Amino acid sequence: MRHLLNPLDFSVEETGQLLDLAKDIEDNLSKYSHVCDGKKLATLFYEPSTRTRLSFEAAMLNLGGGVLGFSSADSSSAAKGESVSDTIRVISCYADICAMRHPKEGAPLVAANHSAIPVINAGDGGHQHPTQTLTDLLSIRSLKGRLHDLTIGLCGDLKFGRTVHSLINALVRYENIKFILISPPELRVPEYIREDVLKNNNIEFVEMDSLDDAMPDLDILYMTRVQKERFFNEEDYIRLKDCYILDKKKMKLAKEDMFVLHPLPRVNEISVEIDEDSRAAYFKQTQYGVYVRMALIMTLLEVEKSC
Ligand code: NCD
């Protein structure tokens, strides 16, 4: 039995196979509509979510399966003091696979250690968000036609943004990826990303605080929101929350074939005037999230590809 806790749990080859399956699902959706008949997905969300939870549920429904779960810690027995390890033992009796989001880093790993069913990390604190990364990889591959030879700009809250940490971890495994890390000094990537992931793998990267200066070089701009819920005091959040706002003026500095991604939710960091720009791909990205989660559920449940 396999889990997905970290984007590196799948090799580059396995990730490629999963993205190929997601592409086939996109092209032949109806072919997959009964491959998970009779199977159940549990969504255990101890933190807010719109896209991740609902795209998991849509994915399982598209495959013919059923869904059950809870969308906040308050509405689960966590509010009565139940541990993650007890909860997962119980859920293992009710469902065939589960997706868990939790504010504590490592909670999905604890669950996996006590689980009789595959556990998918749907975001753990400021740590990792591997299914967003699979979504991002599928988006980049579909939009640019490749996952190598790219200059990727990551902008915003690079310190607390788990999507950023997971995406960097995954992308360093492809040829000739360069990163431009755009953030205020307070929100730079954590030390372990800089030292253990980037430097140790001899990856070319620069850290800067000007989005304008970075724009002309980028093939992909990955915007992120400042992660309010991970700040220790509100003053710092208020000071930093609007540090970057992508607008038309900034988009003029970018290449014609550069694409803008964002895991969403957006707060202020992308002006709505950009939504009509053909390079704005963040809503298309959410659609890719359904195909990739369908592919992931099938892979972890070892469901046969064609019917
Ligand atoms: C992200 C998350 O939860 O980390 N959202 C998502 O899953 N699409 C990004 C965020 O909340 O800023």
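Start at 1 and go down the list; that is how both ligands and their atoms are numbered. Quick caveat, the model's predicted, so the values are computed rather than measured.
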Atom pairs, nitrogen or oxygen, ligand 1 to protein, under 3.5 angstrom:
unit_1	atom_1	unit_2	atom_2	d
ligand 1	3 (O)	Arg101	NH1	3.4
ligand 1	3 (O)	Arg101	NH2	3.2
ligand 1	3 (O)	Arg162	NH2	2.9
ligand 1	4 (O)	Arg162	NE	2.8
ligand 1	5 (N)	Leu264	O	3.0
ligand 1	7 (O)	Thr52	OG1	2.8
ligand 1	7 (O)	Arg101	NH2	3.0
ligand 1	7 (O)	His129	NE2	2.7
ligand 1	8 (N)	Gln132	OE1	3.2
ligand 1	8 (N)	Pro263	O	2.9
ligand 1	8 (N)	Leu264	O	3.1
ligand 1	11 (O)	Arg225	NE	3.4
ligand 1	11 (O)	Arg225	NH2	2.8
ligand 1	12 (O)	Arg225	NE	2.7
ligand 1	12 (O)	Arg225	NH2	3.4
ligand 1	12 (O)	Gln227	NE2	2.8

N-O pairing of Lys249 and Asp247 below 4.0 Å: no

Test applied, side-chain contact (heavy atoms from CB on, under 4.5 Å); reference residue, Arg293; option that passes from Thr52, Leu134, Ile120: Thr52

Heavy-atom side-chain proximity of Glu186 to Asp236 below 4.5 angstrom: no

Heavy-atom side-chain contact between Leu158 and Arg188 under 4.5 Å: no

Heavy-atom side-chain contact between Leu19 and Lys23 under 4.5 Å: no

Results of side-chain hydrogen bond (donor to acceptor under 3.5 Å, both in side chains) for Ser72 - residues two or more places apart only: Ser75

